[in-house]
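A quick write-up on the structure given underneath.
Chain naming here is simple, since letters A, B, ... match the order of the sequence lines and numbering starts at 1 in each.
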There are 2 protein chains.
Amino acid sequence: MNINDLTNKLKEKNIKVSFQRIKVLEYLNNNRTHPTVDQIYNDLHLEITSLSRTTIYNTLNALVESGLVKLITIDDNTSRYDIDTRNHGHFKCQTCKNIYDFKVNIDSLSEKELKDFEINSKDVYFKGICPNCSI
Amino acid sequence: MNINDLTNKLKEKNIKVSFQRIKVLEYLNNNRTHPTVDQIYNDLHLEITSLSRTTIYNTLNALVESGLVKLITIDDNTSRYDIDTRNHGHFKCQTCKNIYDFKVNIDSLSEKELKDFEINSKDVYFKGICPNCSI
DNA sequence: AATATAATTGTAATCATTACAAAGTAGTAT
DNA sequence: ATACTACTTTGTAATGATTACAATTATATT
């Protein structure tokens, strides 16, 4: 996805296009590591010295609200963000703290009990030790 | 489960038995509402005026660490706790904020990609609108 | 009963996030 | 182009959740 595509995504969701918002979206597009606000801020701040943390929070809240970005709460204390909104699972290594994506057929889950519930998002979080750390 | 059972559970996990720990465990056993630390504190504090928030944090961290209690991070900002550690899903209503349990066969998820991963916990979180709020 | 070990408590510190007001930016109508 | 309006960005302050830490208290062991 290039900047044009990102711009169009914002327009589709009626989020006004700004330099900062494009930069945040571009960052998420290039960094599929489920970054925290702090990671985004620290990296983008190097390039855009005037950038404020509040802008990142505002932007991410708008992006999540619109459905363009997925909020990940696999961490106890810190929100993480994922531009890949397709159904997939997240595995967090308790040693190296890395978060891995994995394919999972979330829709195959049988949930008859929820037939009267309106479901807006589904998340699958696994925790454990990744191969790199289990040696 | 009565107090004897709860005491034995602590002993099995080599967590020293104390009045406060029993009380927290008993609270979770009686309140299957996925309470936050604040809810636990506010309720127990009425009965045990000397109780400290820190004790609740310490106790819950030990209980989660031992596997007796499950940490739920479906909320962005606040940890919740569940004494039911069997596999089941959690649905959070975005309107009334209630969290509902639902049956889900988490083990049916195909995760071939994770064959070299040691999996210690699995969580399924859904969000949306519950029947009471969708009228 | 004396001692060692661990738990509890209260306060202070930290970290993530939000609230808010001032300043800046862009778009629109005149 | 100018003035007006609405929205965004920024920085600081405030809030809320959690942890750090040291003093006190409780428990278990000799």
Side-chain angles (χ1 to χ4, degrees), chain A residues 6-7 9-11 13-27 34-66 68-69 71-81 92 97 99, chain B residues 3 6-11 13-27 34-66 68-69 71-81 92 97 99:
Chain A
L6 300 173
T7 304
K9 286 200 164 226
L10 289 175
K11 285 181 179 164
K13 296 291 185 181
N14 288 317
I15 299 175
K16 294 227 171 115
V17 178
S18 74
F19 176 66
Q20 290 87 341
R21 287 172 179 171
I22 290 289
K23 280 296 182 183
V24 169
L25 209 45
E26 187 187 34
Y27 184 91
H34 323 93
T36 64
V37 166
D38 248 47
Q39 289 164 347
I40 300 171
Y41 174 76
N42 286 330
D43 287 351
L44 287 183
H45 183 64
L46 294 172
E47 189 186 343
I48 311 158
T49 47
S50 71
L51 186 65
S52 164
R53 244 188 203 86
T54 303
T55 299
I56 297 179
Y57 276 105
N58 289 341
T59 299
L60 289 170
N61 286 343
L63 293 174
V64 169
E65 176 77 17
S66 76
L68 281 181
V69 166
L71 170 65
I72 299 172
T73 60
I74 198 172
D75 263 329
D76 343 1
N77 292 322
T78 318
S79 294
R80 294 177 169 273
Y81 298 89
K92 181 181 178 186
K97 314 298 183 196
I99 293 176
Chain B
I3 292 188
L6 299 174
T7 303
N8 287 333
K9 285 200 163 224
L10 288 176
K11 283 182 180 163
K13 296 291 183 180
N14 287 318
I15 299 175
K16 295 225 171 116
V17 178
S18 74
F19 175 66
Q20 291 87 342
R21 286 172 178 172
I22 289 290
K23 279 296 182 181
V24 169
L25 209 46
E26 187 187 34
Y27 184 92
H34 322 94
T36 64
V37 167
D38 248 47
Q39 289 164 348
I40 301 170
Y41 174 76
N42 286 330
D43 287 351
L44 288 183
H45 183 65
L46 294 173
E47 190 187 342
I48 312 157
T49 47
S50 71
L51 186 65
S52 164
R53 243 188 205 85
T54 303
T55 299
I56 297 180
Y57 276 104
N58 288 342
T59 299
L60 289 170
N61 286 343
L63 293 174
V64 169
E65 177 76 18
S66 77
L68 281 182
V69 166
L71 169 65
I72 299 173
T73 60
I74 197 171
D75 263 330
D76 342 1
N77 292 321
T78 318
S79 294
R80 295 177 169 273
Y81 298 88
K92 181 181 179 189
K97 315 297 184 196
I99 294 176

Rounded to whole Å, CD1 of B:Ile48 lies from P of C:dA7 at a distance of 17 Å

Could you state the CG-P distance from A:Leu51 to D:dG11, rounded to the nearest angstrom?
9 Å

Phosphate OP1/OP2 of C:dT17: any A:Asn61 side-chain N/O under 4.0 Å
no

Please classify the nucleic acid contact of B:Asp75 as base, sugar-phosphate, or nothing, using heavy-atom distances under 4.0 Å.
nothing

Work out which heavy atom in A:Ile15 is nearest to a heavy atom in A:Ala62; give both atom names and the distance.
CD1-O, 3.8 Å

Nucleotide D:dT10, atom C1' - distance to OH of A:Tyr41 in whole Å:
10 Å

Are more than 12 heavy atoms, taken from residues, nucleotides or ligands other than A:Lys92, located less than 6.0 Å from that residue's NZ atom?
yes

Just checking B:Ser79: base, sugar-phosphate only, or nothing, at a heavy-atom cut-off of under 4.0 Å?
sugar-phosphate

For a quick test of reading the model: is some side-chain N or O of A:Gln20 closer than 4.0 Å to OP1 or OP2 of C:dT25?
no

Checking all strands, does B:Ser50 fall into the base, sugar-phosphate, or nothing category for heavy-atom contacts under 4.0 angstrom?
sugar-phosphate

What pair of heavy atoms forms the shortest contact from B:Asn42 to B:Leu46, and how long is it?
O-CG, 3.4 Å

Would you classify B:Thr55 as touching base, sugar-phosphate or nothing, given that sugar-phosphate means primed atoms plus P, OP1 and OP2, and contacts are heavy atoms under 4.0 Å?
base

From the set D:dT19, C:dA7, C:dT18, return the single nucleotide nearest to any side-chain atom of B:Lys16.
C:dA7

Determine whether A:Asp75 and B:Thr73 make a side-chain contact, defined as any pair of heavy atoms from C-beta on separated by less than 4.5 Å.
no

Look at the side chain of A:Thr54 and the base of C:dT17, then say whether one donor and one acceptor between them are separated by less than 3.5 Å.
no

Which whole-number value in Å describes the distance from A:Leu60 CG to C:dT17 P?
10 Å

A:Asp38 CG - C:dT14 P separation (whole Å):
16 Å

Can you tell if the side chain of A:Ile48 reaches within under 4.5 Å of the side chain of A:Gln20, non-hydrogen atoms only?
no

OP1 or OP2 of C:dT18 less than 4.0 angstrom from a side-chain nitrogen or oxygen of A:Asn58, does that happen here?
no

If you only use heavy atoms from C-beta on, which nucleotide in C:dT17, D:dT8, C:dT8 is closest to the side chain of A:Ser18?
D:dT8

Short side-chain N/O contact from B:Arg21 to OP1 or OP2 of C:dT8, under 4.0 Å:
yes

Shortest non-hydrogen contact from B:Tyr27 to B:Pro35?
CE2-CG, 3.9 Å

How do B:Asn77 and B:Phe19 order along DNA chain D: which one's closest nucleotide is nearer the 5' end?
B:Asn77

Reckon A:Tyr57 has a side-chain N or O less than 4.0 Å from the OP1 or OP2 of C:dT18?
no

What is the distance, rounded to the nearest whole Å, between atom CG of A:Leu10 and atom P of D:dC7?
17 Å

From OH of A:Tyr81 over to P of C:dA16, roughly how many Å is that when rounded to an integer?
12 Å

Between P on D:dT18 and CG on A:Asp76, what's the gap in Å once rounded to a whole number?
9 Å

Winner on side-chain proximity to A:Ser52, out of D:dT19, D:dT10, C:dG10, is D:dT10

